[in-house]
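Read the structure below first, then the notes.
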2 protein chains.
Amino acid sequence: MGLRERKKEKTRLAILDAALDLFLEQGYESTTVEQIAGAVEISPRTFFRYFTNKDHLAMWFHDHGEEIMLETLAERPADEPPFTALMHALRSVLADVEGSTPDDALRFLKLRRLLDGNPHLVGKSVARGAQTERRLAEVIAARRGVDPDEDQLTHLIVAFAMSTMRVGFECPRRDCTIEEIQRRMAESIELAERCLRPGWDLQH
Amino acid sequence: MGLRERKKEKTRLAILDAALDLFLEQGYESTTVEQIAGAVEISPRTFFRYFTNKDHLAMWFHDHGEEIMLETLAERPADEPPFTALMHALRSVLADVEGSTPDDALRFLKLRRLLDGNPHLVGKSVARGAQTERRLAEVIAARRGVDPDEDQLTHLIVAFAMSTMRVGFECPRRDCTIEEIQRRMAESIELAERCLRPGWDLQH
DNA sequence: TGACTTATGGCACACTGTGACAGGACGGTT
DNA sequence: AACCGTCCTGTCACAGTGTGCCATAAGTCA
């Protein structure tokens, strides 16, 4: 990895950290791109070369999470029930956060704290989730051997899985730890599985 | 109802219709507020007094739908299982569209067609749905006699209901009729109920 | 008619996001 | 080390969004 790429990655993280701190300090809306750029000593123009917009900063984790879910899903045995496979993919995301560097874990928690106080950002986040949902639906449809345009159950399976994830991520306390999130997520998964009929995701 | 209010409502609908037509004709992103305002012969400044932003236009239906869902929910017997009550609320929304004026029905279909070709707008729409989800969670928590901050099942019930709704609204064909949407929605509801264990939403 | 409330338009303004171009830093080659 | 092509960055210009402010016009009620 050359100096150029390392420098880029460093700038990327510097922007992210400066932005998260500014957001938490003075609010998301009232923080401008100019301020963020100023804090990292880059031009506003350069900011937009790293992140397409301010929202993209808060969606940083989704890109990573989606990637992990798709990777995990590809590795799960083909005969595993779709919802079960999705729940495993979900656990992988959290396991990755737990196994990451302390810096990354801190970023993750800051992001969560940010979302807590900004319903508007939660909305954006859910919107990003809709994109993930479409991608997952493609994969699950392939697993089930159906056309995603025709099979409602495929979409229901994925939507239920994403619902389970969102419920698990929610955390009423501000000072939520990763362990606590992991516990709530496990609870949510268990709850969802208890609510659904056995074999419901294998119908045709 | 005075002249002033009637005039306002007329302007509101005129903006909506002009915008929907422009969006479908030349695309959502490439339609500016100035163009919409020009088509209705108002100033851009006035546009923003009717709709907070361009997105708000595409969310017009949500405001109405949410209202109906909350109203219906309030009317359902208190001892009805929460998910069942939510499914009734959902059906009310569609029944309302069916029972509305031909103009409103046309607007509804145009909006659906617009969403079909704009994943970005679907995202915004889902984000708006997250807001509805929070409101519904309050009501369902009250019905269940629990604290919405503590009870994960409440959130799961609402999230599953909204998932069912979104799946039902999706329509692979461009020239979808209201009858077809209603049929798909009924299918989706039936499917969801078949997937869930009887009494799953009555646990504590 | 006159006094009020409210909607509208016009203006200035801050912010977002993008295209185009010039200069500088990096990477590989000789 | 010197060279050159590639990639990154900053500057400038610009279109578009969204808001506060104030004057004015239209609707409302006495």
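Below, read A as the first sequence line, B as the second, and so on, with proteins coming before strands; counting in each chain starts at 1.
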Note: [X]-[Y] ion pair, threshold 4.0 Å (strictly below):
X	Y	result
A:D201	A:R144	no
B:D116	B:R113	no
B:E170	B:R166	no

Check the phosphate of [N] against [X], side-chain N and O only, distance under 4.0 Å to OP1 or OP2. Yes or no?
X	N	value
B:K7	D:dA26	no
B:T46	C:dG9	yes
A:Y50	D:dC8	no

By the 4.0 Å heavy-atom rule, please label A:F47 as base, sugar-phosphate, or nothing. nothing
Counting the atoms with a prime plus P, OP1 and OP2 as sugar-phosphate, which does A:F51 contact under 4.0 Å by heavy atoms, base, sugar-phosphate, or nothing? nothing
Once salt bridge (charged side-chain N to carboxylate O under 4.0 Å, His left out) is applied, do any residues pair with B:R128, and if so which ones, sequence neighbours excluded? B:D63, B:E66
Round to the nearest Å and state the distance from [X] atom [atom1] to [N] atom [atom2].
X	N	atom1	atom2	value
B:R6	C:dA7	CZ	C1'	16 Å
B:E41	C:dG10	CD	P	12 Å
B:E29	D:dA15	CD	P	18 Å
B:I36	D:dG16	CD1	P	12 Å
A:E9	D:dC7	CD	C1'	17 Å
A:N53	C:dT18	CG	P	8 Å
A:K8	C:dA25	NZ	C1'	14 Å
A:D55	C:dC15	CG	P	17 Å

Where the side chain of [X] is defined as all heavy atoms beyond and including C-beta, which of [options] is the nearest nucleotide?
X	options	value
B:L3	C:dG10, C:dT16, D:dT28	D:dT28
B:K54	D:dT17, D:dG10, C:dT16	D:dT17
A:R49	C:dT18, C:dG9, C:dA20	C:dA20
B:R45	C:dT16, C:dA20, D:dT19	D:dT19

Note: for B:T32 and B:G2 on DNA chain D, the residue whose nearest nucleotide lies more 5' is B:T32
Tell me whether the side-chain N or O atoms of A:R4 pair up with the base of D:dT6 as donor and acceptor below 3.5 Å, since no angle test is needed here. yes
For B:A130 and A:V126, which heavy atoms make the closest approach, and how far apart are they? CB-CG2, 4.0 Å
